[in-house]
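In this text, all values refer to a predicted model and were calculated from it rather than measured experimentally.
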Amino acid sequence: LDGLRFIQEMKLYRWKGLPNHNRENYNIRKYSPYDRSAILRITENAFHRSRFHSDARFSIELAEKIKREWILNNLTSRPNILTLVAEVDNVVVGYSSLLISSGSITIDLIATAKSMRGKGIGASLIRESQQFASLNTKELLVGTQSNSSANSLYLRSGFTNYAIQNVWHHSNRTGLI
């Protein structure tokens, strides 16, 4: 592992089956280009435990830029992505960006507006993602940092932990990424 630095541990989850009934009354729908600015605002206040934020060689600004570019790519240039948005009173308050492959669907990015956390929006987005996976007869996968509160949400949502993955970043001698 010469030249590599341990950054963090991730837990990987899988789900296959039928989703629980949605107990919350949030409107979940497919992304529209009109949602882009709201999704970018949500992204700015999410992912502070990401592998990029956890690597001291990445500035906060660079870590946030990476996540912003990541979701922008998902929204604009990746044909195998479906992004769902959650609305409250016609305001986008969360999203789940799903990576669709031949054998599975992966929750690539999921986030809720900071002011709306703890209100069941993330759970509603997960249930809708499960519904989409079920309709397409695919298993649903997701990974998150081992120290994230999302772990209990995934377990409550019927996911099972199937692996733990260590995240490593290359350490180059120049200090440049």
Between [X] and [Y], is any pair of side-chain heavy atoms under 4.5 Å apart?
X: V93; Y: K119; answer: no
X: R29; Y: V92; answer: yes
X: I107; Y: L98; answer: yes
X: T112; Y: I42; answer: no
X: I71; Y: Y95; answer: yes
X: S129; Y: L84; answer: yes
X: K138; Y: I100; answer: yes

Examine the side chains of T144 and Y13 and answer whether a donor and an acceptor come within less than 3.5 Å of each other.
no
Does I164 share a hydrophobic cluster with L4, counting links as ILVMFWY side-chain heavy atoms below 4.5 Å and allowing steps through other members?
no
Flag yes if W70 and L62 sit in one hydrophobic cluster, no otherwise; membership is Ile, Leu, Val, Met, Phe, Trp, Tyr, and two members link when side-chain heavy atoms are under 4.5 Å apart.
yes
Which heavy atom of [X] sits nearest to which heavy atom of [Y], and what is that distance?
X: G122; Y: I110; answer: O-CD1, 4.1 Å
X: G94; Y: L125; answer: C-CD1, 3.8 Å
X: K16; Y: E139; answer: NZ-N, 3.9 Å
X: D35; Y: K30; answer: OD2-O, 4.3 Å
X: L141; Y: S104; answer: CD1-OG, 3.6 Å
X: A133; Y: W15; answer: CB-CZ3, 4.3 Å

Walk me through it: do Q130 and S134 pass the test side-chain contact (heavy atoms from CB on, under 4.5 Å)?
CA-CA 6 Å; Q130 290 171 323; S134 181; over 6 Å; no
Determine which pairs satisfy ring pair (Phe, Tyr, Trp, His ring centres under 6.0 Å) with at least one residue from residues 109-143, sequence neighbours left out, and list them in order.
none
Is the side chain of N161 donor-acceptor paired with the backbone N or O of L12 at a distance under 3.5 Å, no angle test?
yes
Sidechain-backbone polar pair: S157 side chain, F159 backbone, donor-acceptor under 3.5 Å:
no
[atom1]-[atom2] distance between [X] and [Y], expressed to the nearest 0.5 angstrom:
X: T43; Y: R68; atom1: OG1; atom2: CZ; value: 9.5 Å
X: Q131; Y: I126; atom1: CD; atom2: CD1; value: 14.5 Å
X: Y26; Y: E128; atom1: OH; atom2: CD; value: 14.5 Å
X: Y31; Y: I39; atom1: OH; atom2: CD1; value: 6.0 Å
X: L109; Y: I81; atom1: CG; atom2: CD1; value: 8.0 Å
X: L82; Y: N74; atom1: CG; atom2: CG; value: 10.5 Å

For the OH atom on Y34, are there more than 12 heavy atoms of other groups (residues, nucleotides or ligands in this structure) within a distance under 6.0 Å?
no
Can you name the residues that form a side-chain hydrogen bond (donor to acceptor under 3.5 Å, both in side chains) with T83, not counting sequence neighbours?
S97
